[in-house]
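Let me give you the structure first, and then I'll get to my questions.
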Amino acid sequence: MMKPATPKGTRDFGPQEVFKRNYIFSVIKKVFEKYAFLPLETPAMELLSTLSGKYGDEGDQLLFKILKNGDFLEKADAFDNYKKMAFQICEKGLRYDLTIPFARYVAMNRHALTFPFKRYQIQTVWRGDKPQKGRYQEFYQCDVDVVGSNAMLQEAELVCIYDEVFANLHLPVQIRLNNRKILAGIAEVANISDKFMAMTIALDKLDKVGVEGVKKELLGRDIPEAATEFIFKIIQTSSMEQIKKLLQSSPLALEGIAEYEEIMAFLATMPLKNEVVFDISLARGLNYYTGTIFEVLTPAVQIGSLGGGGRYADLTGLFGLPDMSGVGVSFGAERIYDVLEELQLFPETAFSQVEVIFISFDAATLRMAFAYAQQLRAAGICTDIYPDPETKLKKQMKFANDKNAKYVLIIGEEELKNNTISVKNMRDGVQEVMSFTEFYNTLTQS
RNA sequence: GUGGUUGUAGCUCAGUCGGUUAGAGCACCAGAUUGUGGUUCUGGGGGUCGUGGGUUCGAACCCCAUCAUCCACCCCA
């Protein structure tokens with residue numbers, strides 16, 4: 001016999017876990033829909049040509065590729081180059097994120113859509129990453145994006161959505177903002193535009209390695225002393241006015257700062273429940289971001305970000321629809337789950353709750369139980385019946401107890417004859433005899 | 001992808017220097033209690049010690065490989 005197991009980086013979700021995850025989804029969905037986002041689902045598989053080249057070399061490595069059906073070797077000849085070979089023997093791959101499939105969808109349906117188009121999407125994505133805590137090979141993302149609008153209002157709404165969702169989950173977070181234009185401006189003024197990527201990677205580590213660590217990182221990445229000093233000065237500055245002064249010579253940077261200030265102007269009058277901060281070190285990996293970038297962190301638990309996103313000036317251009325700006329953010333459902341679990345923030349209502357379980361003794365009492373159960377179910381009460389009346393009462397009671405039922409309704413010979421039921425309250429152990437109607441009324445009225 | 005950690009009952013773990021028949025708690029099953037769960041008491045079942053190879057008279061323990069796990073890096077939700 002083979003040993004049962006799930007593949008690396010994947011896991012099962014048992015009944016209680018699915019209930020809890022659905023709780024997260026329902027909170028998120030409710031907020032998304034309130035902000036007039038529309039649902040979208042796309043296939044688990046995309047053409048490899050749609051996916052490849054969108055996430056950088058690193059991303060291409062992490063793509064799950066699907067072997068062609070049939071004789072996949074027929075047209076293959078790159079036996080000495082596994083990367084090239086992969087594209088010869090595979091034509092599909094598993095979705096890596098929800099943004100690229102969304103861009104593909106928008107490009108394909110441009111004539112049918114009304115812009116700006118706001119969509120949300122809650123589906124699994126797959127990445128061939130090495131698993132760690134909070135990092136899986138299969139995980140859910142919950143994305144909201146709006147495409148076809150350059151307005152900073154969109155960014156402001158996305159911040160509000162983050163704020164509202166995490167407030168509703170009772171999870172305190174910090175929402176961080178930055179702008180790729182400001183980062184590009186820094187590189188421009190420091191005269192290291194060609195090392196932009198290296199600079200952002202170094203900056204992104206500020207949280208982890210501190211100011212001195214970033215300095216070392218920058219120098220280690222061949223960034224000149226003078227440029228490093230300049231960057232150093234900027235990340236130590238806390239006031240936006242100071243930053244503005246330092247980047248005065250870069251129109252691009254000033255544009256980024258103006259965008260940020262516009263977002264904050266929208267938010268100024270909003271009573272947000274979570275902290276919104278400007279974070280110059282926030283870089284984010286995905287290289288298609290061009291404007292605002294977002295990230296959500298929780299101070300409560302040591303785990304990676306709970307979500308992130310940004311604006312991309314020309315996402316659908318890759319699919320033949322140019323000059324279409326989009327902005328969106330993502331919620332990492334798995335990580336939110338892990339954090340809520342750790343902090344025990346799942347409410348009682350997130351779990352399944354059997355209210356009533358019937359126990360009977362023979363065919364006649366079982367039929368009676370069934371008739372009663374259907375009445376309770378019609379009233380929307382979660383009801384179950386122990387299906388085998390011959391089973392010892394002790395065992396039936398244990399079943400009800402394991403299912404965490406609130407009430408056990410016992411129907412025996414005696415009860416059947418007197419047209420009553422025995423109601424046992426499993427919370428306090430008190431048992432009383434009454435008519436079914438009496439029980440039904442107290443339950444449906446409370 | 002690179003470096004490290006851990007892997008023993010369904011779960012959490014103990015297991016001495018390599019030495020007899022591998023243990024505990026929880027969970028499970030049965031009985032105490034033939035119409036009463038959860039609490040209590042008594043008893044019971046359950047192990048290819050991750051997998052494959054090697055060293056040895058002898059391996060859960062040492063060596064190699066492999067898979068999984070967690071951690072750091074890279075990157076990311």
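The figures that follow rest on heavy atoms only: side chains count, while hydrogens, waters and symmetry mates do not.
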Check your understanding: Taking the same atom, C1', in B:A65 and in B:A22, what whole-Å distance lies between them?
Key ->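 The same atom, C1', in both gives a distance of 26 Å.
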Exercise for review: Dump the intermediate steps for side-chain hydrogen bond (donor to acceptor under 3.5 Å, both in side chains) on A:Y120 and A:D145, then the final yes or no.
Suggested key: CA-CA 6 Å; A:Y120 74 86; A:D145 291 86; over 6 Å; no
Review point. Are A:K392 and B:G31 close enough that a side-chain N or O sits under 4.0 Å from OP1 or OP2?
Key: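 Answer yes for this pair, as a side-chain N or O of A:K392 is under 4.0 Å from OP1 or OP2.
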Could you run down the sub-3.5 Å N/O contacts of the protein with nucleotides 3-8 of chain B?
{"unit_1": "B:G3", "atom_1": "O6", "unit_2": "A:K130", "atom_2": "NZ", "d": "3.4"}

Check your understanding: After noting the C-alpha distance and the side-chain angles of A:E415 and A:T420, does the key distance pass the side-chain hydrogen bond (donor to acceptor under 3.5 Å, both in side chains) rule?
Key -> CA-CA 5 Å; A:E415 287 86 351; A:T420 57; 5.8 Å; no
**Study point:** Distance in angstrom units between A:R11 CZ and B:U69 C1', rounded
**Key:**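 Interatomic distance, CZ of A:R11 to C1' of B:U69: 14 Å.
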Review point. Quick check, are the ring centers of A:F32 and A:F25 under 6.0 angstrom apart?
Key: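 Between A:F32 and A:F25, the centre distance exceeds or equals 6.0 Å.
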Practice item. Please tell me which of A:R335 and A:G9 maps to the more 5' nucleotide of RNA chain B, matching each residue to the nucleotide holding its nearest heavy atom. Key: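 First, find each residue's nearest nucleotide; the 5'-ward one identifies A:G9.
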Review point. Heavy atoms, side chains only, cut-off 4.5 Å: are A:F436 and A:Q375 in contact?
Key: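 They are in contact (side-chain heavy atoms under 4.5 Å apart), so the answer is yes.
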Practice item. Give the nucleotide from the list B:C28, B:G35, B:A77 with an atom nearest to the side chain of A:K398. Key: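 Taking heavy atoms from C-beta onward, the closest nucleotide is B:C28.
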Review point. B:C70 and B:U5: how far apart are their C1' atoms, nearest whole angstrom?
Key: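 To the nearest whole Å, 7 Å.
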Review point. Which whole-number value in Å describes the distance from A:D129 CG to B:C71 C1'?
Key: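 Nearest whole value for this atom pair: 14 Å.
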Check your understanding: How many angstroms lie between atom CG of A:L48 and atom CD1 of A:I66, to the nearest 0.5 angstrom?
Key ->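 Spacing of CG (A:L48) from CD1 (A:I66) equals 9.0 Å.
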Review point. Between B:C75, B:A77, B:U69, which nucleotide has the shortest distance from any of its atoms to the side chain of A:Q141?
Key: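 Within the option list, the nearest is B:A77.
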Review point. Per the atom types in the model, does the base of B:G35 pair as donor or acceptor with the side chain of A:E415 at under 3.5 Å?
Key: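 Counting by modelled atom types and ignoring angles, a donor-acceptor contact under 3.5 Å is found here.
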Exercise for review: Not counting sequence neighbours, which residues clear side-chain hydrogen bond (donor to acceptor under 3.5 Å, both in side chains) with A:D12? List them please.
Suggested key: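 Once residues adjacent in sequence are excluded, A:D12 has no partner under the side-chain hydrogen bond (donor to acceptor under 3.5 Å, both in side chains) criterion.
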Practice item. Cation-pi check, A:R11 to A:Y136: give yes when NZ or CZ is under 6.0 Å from the six-membered ring centre and within 45° of the ring axis, no otherwise. Key: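 A:R11 over A:Y136 ring: yes.
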Check your understanding: Between A:A405 and A:K205, who's closer to the 5' end of RNA chain B by nearest nucleotide?
Key ->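 Looking at the nearest nucleotide for each, A:A405 comes out on the 5' side.
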Point to revise | Gap in Å between the two P atoms, one belonging to B:A14 and one to B:U39, rounded | key: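 Result for the P pair: 27 Å, nearest Å.
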Practice item. With heavy atoms under 4.0 Å as the rule, sort A:L306 into base, sugar-phosphate or nothing. Key: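 Since only primed, P, OP1 and OP2 atoms lie under 4.0 Å of A:L306, the category is sugar-phosphate.
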Check your understanding: Which nucleotide in the list B:G37, B:A77, B:G35 gets nearest to the side chain of A:N401?
Key ->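 Given the options B:G37, B:A77, B:G35, the side chain of A:N401 is closest to B:G37.
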Point to revise | Integer-rounded Å distance: B:C76 C1' and A:W126 CH2 | key: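 A:W126 atom CH2 is separated from B:C76 atom C1' by 17 Å.
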Practice item. First locate atom CZ of A:F346, then atom NE2 of A:H170, and finally report the distance between them rounded to the nearest 0.5 Å. Key: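 Going from CZ on A:F346 over to NE2 on A:H170, the span is 12.0 Å.
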Review point. Using the C1' atom in both, what is the distance from B:U21 to B:G47, to the nearest Å?
Key: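 Going atom to atom, C1' in each nucleotide, I get 13 Å.
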Check your understanding: Roughly how many Å is it from CE in A:M397 to C1' in B:U39, rounded to a whole number?
Key ->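 After rounding, the reported distance stands at 14 Å.
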Exercise for review: Please state how far atom NZ in A:K395 lies from atom P in B:G31, giving the value in whole angstrom units.
Suggested key: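 For the pair A:K395 NZ and B:G31 P, the rounded distance is 10 Å.
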**Study point:** Among B:A77, B:C29, B:G35, the one nearest A:S305 by side-chain distance
**Key:**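 Looking only at side-chain atoms, A:S305 lies closest to B:A77.
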Practice item. Please work out which of the three classes, parallel, tilted or perpendicular, describes the rings of A:F13 and A:Y337, given edges at 30° and 60°. Key: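 Because their plane-to-plane angle is over 60°, the rings of A:Y337 and A:F13 count as perpendicular.
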Check your understanding: What distance, rounded to whole Å, do you find between the two C1' atoms, one in B:U56 and one in B:A60?
Key ->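 To the nearest whole Å, 16 Å.
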**Study point:** Separation between the P atoms of B:G18 and B:C63, rounded to whole Å
**Key:**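 About 10 Å, rounded to a whole number of Å.
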Check your understanding: What is the distance, rounded to the nearest whole Å, between atom CD1 of A:I359 and atom C1' of B:U36?
Key ->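 It works out to 8 Å between those atoms.
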Review point. Would you say A:Y372 and A:T383 make side-chain contact, with heavy atoms under 4.5 Å?
Key: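 The answer is no, as the side chains (C-beta and beyond) never meet within the 4.5 Å cut-off.
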Check your understanding: Within this structure, what is the CD1-to-C1' distance between A:I411 and B:G35, rounded to whole angstrom?
Key ->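 A:I411 atom CD1 is separated from B:G35 atom C1' by 14 Å.
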Point to revise | A:K406 bridged to A:E355 by N-O distance under 4.0 Å | key: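 Yes.
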Point to revise | Pairwise P distance for B:U40 and B:G52, with rounding to whole Å | key: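 Rounded to whole Å, the distance is 41 Å.
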Check your understanding: In whole angstroms, how far is the C1' atom of B:G1 from the OH atom of A:Y55?
Key ->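 From A:Y55 OH to B:G1 C1': 20 Å.
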Check your understanding: Which part of the nucleic acid, if any, lies within reach of A:Y136 when heavy atoms closer than 4.0 Å are counted: base, sugar-phosphate only, or nothing?
Key ->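 Base: the residue A:Y136, judged by heavy atoms under 4.0 Å, touches a nucleobase.
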Exercise for review: Verify the contact: side-chain N or O of A:K394 to OP1 or OP2 of B:G37, cut-off strictly under 4.0 Å; return yes or no.
Suggested key: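 Answer is yes, contact under 4.0 Å.
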Practice item. Respond yes when some side-chain nitrogen or oxygen of A:Q132 is under 4.0 Å from OP1 or OP2 of B:U69, and no when none is. Key: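 No, outside the criterion.
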Check your understanding: Are the ring of A:F139 and the base ring of B:A77 both nearer than 5.5 Å at their centres and tilted by less than 30°?
Key ->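 Stacking between A:F139 and B:A77: present.
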Practice item. May I ask you to verify whether the side chain of A:Q431 and the base of B:U36 hold a donor-acceptor pair under 3.5 Å? Key: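 Such a pair is found, so the answer is yes.
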Point to revise | Nearest-angstrom distance, C1' atom, B:U16 to B:C73 | key: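 Nearest-Å result for B:U16 against B:C73 at atom C1': 37 Å.
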Check your understanding: So what does A:Q396 touch, heavy atoms closer than 4.0 Å: a base, only the sugar-phosphate, or nothing?
Key ->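 A:Q396: no heavy atom of the nucleic acid under 4.0 Å.
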Practice item. Among B:U69, B:G37, B:G35, find the nucleotide with the atom closest to the side chain of A:M426. Key: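 That would be B:G37.
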Practice item. Under 4.0 Å between any heavy atoms, over every strand shown, what does A:I201 touch: base, sugar-phosphate, or nothing? Just pick one. Key: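 Sugar-phosphate, backbone atoms only, no base.
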Point to revise | salt_bridge(A:D163, A:K273) N-O dist < 4.0 Å | key: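 Looking at A:D163 and A:K273, the cut-off is not met.
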Exercise for review: Have a look at A:G59 and say if it touches a base, only the backbone sugar-phosphate, or nothing, with a 4.0 Å heavy-atom cut-off.
Suggested key: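 If one applies the 4.0 Å heavy-atom cut-off, A:G59 turns out to touch nothing in the nucleic acid.
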Point to revise | Pair of N/O donor and acceptor under 3.5 Å linking B:C71 base with A:R135 side chain | key: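 Such a pair does not exist between side chain and base.
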**Study point:** RNA chain B stem ranges, 3 or more consecutive Watson-Crick or G-U pairs under 3.5 angstrom
**Key:**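 B:1-4 with B:70-73, B:10-13 with B:23-26, B:28-32 with B:40-44, B:50-54 with B:62-66 - these are the stems of 3 or more pairs that involve RNA chain B.
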**Study point:** Closest non-hydrogen atom pair between A:R127 and A:Y96, with its separation
**Key:**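 Smallest heavy-atom distance, with atoms named: NE-O, 3.0 Å.
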Exercise for review: Indicate, with a heavy-atom threshold strictly under 4.0 Å, whether A:Q137 touches base, sugar-phosphate, or nothing.
Suggested key: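 A:Q137: no heavy atom of the nucleic acid under 4.0 Å.
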